[in-house]
Amino acid sequence: MKIATWNVNSIRTRLDLVTQWLQATAVDVLCLQETKVTDADFPQAPFVELGYHCYVYGQKSYNGVALISRAPLDRVNTGFAPVVDVAEPDLDQQKRVIQGVLGEVCLVNLYVPNGSAVGSEKYDYKLRWLKQLRLYLQALLSSYPNLLVCGDFNVALDDRDIHDPSGREQMVMATDAERTALTHALLELGLADGFRKFHLDGGHFSWWDYRAAAFRRNLGWRIDHHYLSAPLYERAIACTIDVAPRQLPQPSDHTPVIIELED
DNA sequence: ATGGCCTTGGCTCAAGGA
């Protein structure tokens, strides 16, 4: 079973690129982030024609997540609220969480807030959101021992995941507070970064800034991840970053990351 | 040192992204 995660930065702008990639790559589930479209306007037909089912949770202009699955998913739900109490209602107002069940596996697709600038209101929101995420995943794990959490985490877990980590403590996506919050929300619950089962060195990136020819110069970050509970970590047999879509005209600034689990 | 580009909305500039 192959599960891909890809922040597409507008599904409508990227529709041809994404459907062509899907035809060539044929993953079982494609988890999209930053779809930037309401559910009514999500372009489902091209995916249905390719034999996929679409589960979407989006809003106008910002955010938005979707699960594109070859097999129908069970018990799809959206946001934190169906799983756990949300003490601060603003944490569930943006469309960033969608979850579904495929056989014995619970899939969670996340778009973690960006955080804007260190110390900003959005940065504070990101840290609060990650605290809420821990409660959400803790509750899910009690029902689903086979848990896979993927998406755009907007955090580089360690210095290997940044082309140049110097001065990182002032850089959003790289501060100790963000790393600690992500570690609390995922690793301390027993979920492990699938990519690191196969690749221990640095220099592997999933996002490159549009500006300053960052892709050409390979000035990237690895911020798109798959986290796996222990039984699924055991079953992981590959995790790869496909840089090809980032090289095409009018790309997303992120490129897909694919994990393969033994069936 | 700074900004560098791309997307959306709705109107040509502002905001958000990372």
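Reminder, nothing fancy here: chain letters follow the sequence lines and each chain counts from 1.
Side-chain proximity of Asp209(A) to the nucleotides dG16(B), dA18(B), dT8(B) is greatest for dA18(B). Closest to the side chain of Lys122(A), from the set dC6(B), dG4(B), dG16(B), is dG16(B). Closest contact between the side chain of Trp207(A) and the listed nucleotides dG9(B), dA18(B), dT7(B) involves dA18(B). The Ala212(A) side chain lies nearest to dG4(B) when the options are dT8(B), dA18(B), dG4(B). Here the nucleotide nearest the side chain of Lys60(A), chosen from dC5(B), dG9(B), dT7(B), is dG9(B).
The side chain of Thr13(A) contributes an N or O atom lying less than 4.0 Å from OP1 or OP2 of dT8(B). Dashed line: the shortest gap from a side-chain N or O of Tyr123(A) to OP1 or OP2 of dA18(B) is not under 4.0 Å. Note on Ser10(A): a side-chain N or O is less than 4.0 Å away from OP1 or OP2 of dT8(B). Within the structure, a side-chain polar atom (N or O) of Ser61(A) is placed less than 4.0 Å from OP1 or OP2 of dG9(B). Contact annotation: Asn7(A) side-chain N/O to dA18(B) OP1/OP2 distance is under 4.0 Å.
Contacts of Arg14(A) with the nucleic acid, taken as non-hydrogen atoms under 4.0 Å apart, involve only primed sugar atoms and P, OP1 or OP2. In this structure, Phe215(A) reaches neither bases nor backbone, as no heavy-atom distance under 4.0 Å exists between it and the strands shown.
The distance from atom CG of Leu182(A) to atom P of dA18(B) is 15 Å, rounded to the nearest whole Å. Rounded to a whole Å, the CD atom of Gln59(A) is 13 Å from the P atom of dG16(B).
Contact check on Asp158(A) versus Arg222(A) returns no salt bridge, with no Lys/Arg side-chain nitrogen under 4.0 Å from an Asp/Glu carboxylate oxygen. Electrostatic pairing of Arg179(A) and Asp161(A) does not count as a salt bridge here, judged by no charged N lying under 4.0 Å from a carboxylate O. A salt bridge is defined here as a Lys NZ or Arg NE, NH1 or NH2 lying under 4.0 Å from an Asp or Glu carboxylate O, and Arg168(A) with Asp159(A) meets this definition.
In summary, the side chains of Glu34(A) and Asn63(A) do not present any donor paired with an acceptor at a separation below 3.5 Å, with no hydrogens or angles considered. Under 3.5 Å, the side chains of Ser120(A) and Tyr125(A) contain no donor-acceptor pair of N or O atoms.
If you find the closest nucleotide of DNA chain B to Tyr210(A) and to Glu34(A), the one lying nearer the 5' end belongs to Tyr210(A).
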